[in-house]
Amino acid sequence: MPLWLIKSLLTTSAKFAKRFSRNAGKDALDNTYLQIHPSCLAPIINSSLTILLLVTCIASSAPIVLTLYVVITFGRTYWLHPALKGQLILTSSLTTLNNIELISPRYFLAFHHWFIGMYDQNNGWRLLWRDSCDESAYRRLILVIKKQPD
């Protein structure tokens, strides 16, 4: 029954109308589509971590050879997990990334103000940065993830 019809009836209680409107919005959260672009924040954080390591190694009392080895080894690598890119589609039954089905994905939301961590059995950990997709789609994704059963 349409929401406008329920609210227009004189005998309908406000409690019933609110409950019905909550269930009507549930279908909109079942399918979530995100177009993910490269993040601008991830390289900045990675560079900051590298500089922090360099300053820490120089300020420490470690031998210079060890300091150079650590800086050269870790300076070449990317400190953070790889970022997601492409199309992410979440439905109630499956999750796909770039038209590839993800097998039992798990999500890490502790730092959801900056990124969402996503673990897949095939690809391992990947990060979805907040600035890599539309803000409303990012918030909708967080809602969908929180509503999924564990």
Peer 1: Hey, could you give me the CG/CH2 distance between L128 and W114, rounded to the nearest 0.5 Å?
Peer 2: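 One gets 15.5 Å once the value is rounded to the nearest 0.5 Å.
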Peer 1: State the CD1-SG distance between I36 and C133, to the nearest 0.5 angstrom.
Peer 2: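 Taking CD1 in I36 and SG in C133, the distance rounds to 6.5 Å.
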Peer 1: Looking at every non-hydrogen atom in both residues, tell me the closest pair between L34 and A137 and how far apart they are.
Peer 2: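 Between these two residues, the closest heavy atoms are CG-CB, 4.1 Å.
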Peer 1: Rounded to the nearest 0.5 Å, what's the gap from CG on L90 to CD1 on I145? Could you check?
Peer 2: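 Here the interatomic distance stands at 6.0 Å.
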Peer 1: May I ask you to decide if I44's main-chain N or O and S48's side chain share a donor-acceptor pair within less than 3.5 Å?
Peer 2: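 Checked: pair present.
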Peer 1: Which atoms form the tightest heavy-atom contact between F108 and A110, and what is the distance?
Peer 2: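 Closest pair (atom of F108, atom of A110, distance): CZ-CB, 3.4 Å.
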Peer 1: Sequence neighbours left out, what passes side chain to side chain contact (heavy atoms under 4.5 Å, CB included) with S136? Give chain and number order.
Peer 2: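 Counting only residues at least two positions away or on another chain, S136 forms a side chain to side chain contact (heavy atoms under 4.5 Å, CB included) with D134, R139.
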Peer 1: Sequence neighbours excluded, which residues qualify as salt bridge (charged side-chain N to carboxylate O under 4.0 Å, His left out) partners of R126?
Peer 2: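 With neighbours one apart ignored, the set is empty.
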Peer 1: Quick check for you: to the nearest 0.5 Å, what is the distance between Y107 atom OH and I116 atom CD1?
Peer 2: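 Between atom OH of Y107 and atom CD1 of I116 there are 9.0 Å.
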Peer 1: Which value, rounded to the nearest 0.5 Å, describes the distance between F115 atom CZ and H113 atom NE2?
Peer 2: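 So the gap between those two atoms works out to 11.5 Å.
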Peer 1: Would you list the atom pairs, donor with acceptor, under 3.5 Å between side chains in residues 94-106 and any protein atom, with sequence neighbours excluded?
Peer 2:
residue: N98; atom: OD1; partner: Q87; partner atom: N; Å: 2.8
residue: N98; atom: ND2; partner: K85; partner atom: O; Å: 3.1
residue: S104; atom: OG; partner: Q121; partner atom: NE2; Å: 3.2

Peer 1: Is there a side-chain contact between L109 and K146, using heavy atoms and a 4.5 Å cut-off?
Peer 2: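 SC-SC contact between L109 and K146 confirmed.
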Peer 1: Given a cutoff of under 4.5 Å between side-chain heavy atoms of I, L, V, M, F, W and Y, with clusters grown through shared members, what are the other residues clustered with Y33?
Peer 2: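 So far as hydrophobic clustering goes, Y33 is joined with I89.
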Peer 1: Quick one: CG on L84 to OG on S39, what's the gap to the nearest 0.5 Å?
Peer 2: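 So the CG of L84 and the OG of S39 are separated by 11.0 Å.
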Peer 1: Identify, with sequence neighbours excluded, every residue that meets ring-ring contact (aromatic ring centres under 6.0 Å, His included) alongside Y119.
Peer 2: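 Result, ring-ring contact (aromatic ring centres under 6.0 Å, His included) vs Y119: W125.
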Peer 1: Holding to side chain to side chain contact (heavy atoms under 4.5 Å, CB included), I want the full list of residues that pass it with L52, two or more places apart in sequence or in another chain.
Peer 2: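 With sequence neighbours excluded, L52 shows a side chain to side chain contact (heavy atoms under 4.5 Å, CB included) to T56, given in chain and number order.
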Peer 1: Are F111 and L41 joined in one hydrophobic group, where the rule is that I, L, V, M, F, W and Y side chains link up if heavy atoms are under 4.5 Å apart?
Peer 2: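 Same cluster: F111 reaches L41 through Ile, Leu, Val, Met, Phe, Trp or Tyr contacts under 4.5 Å.
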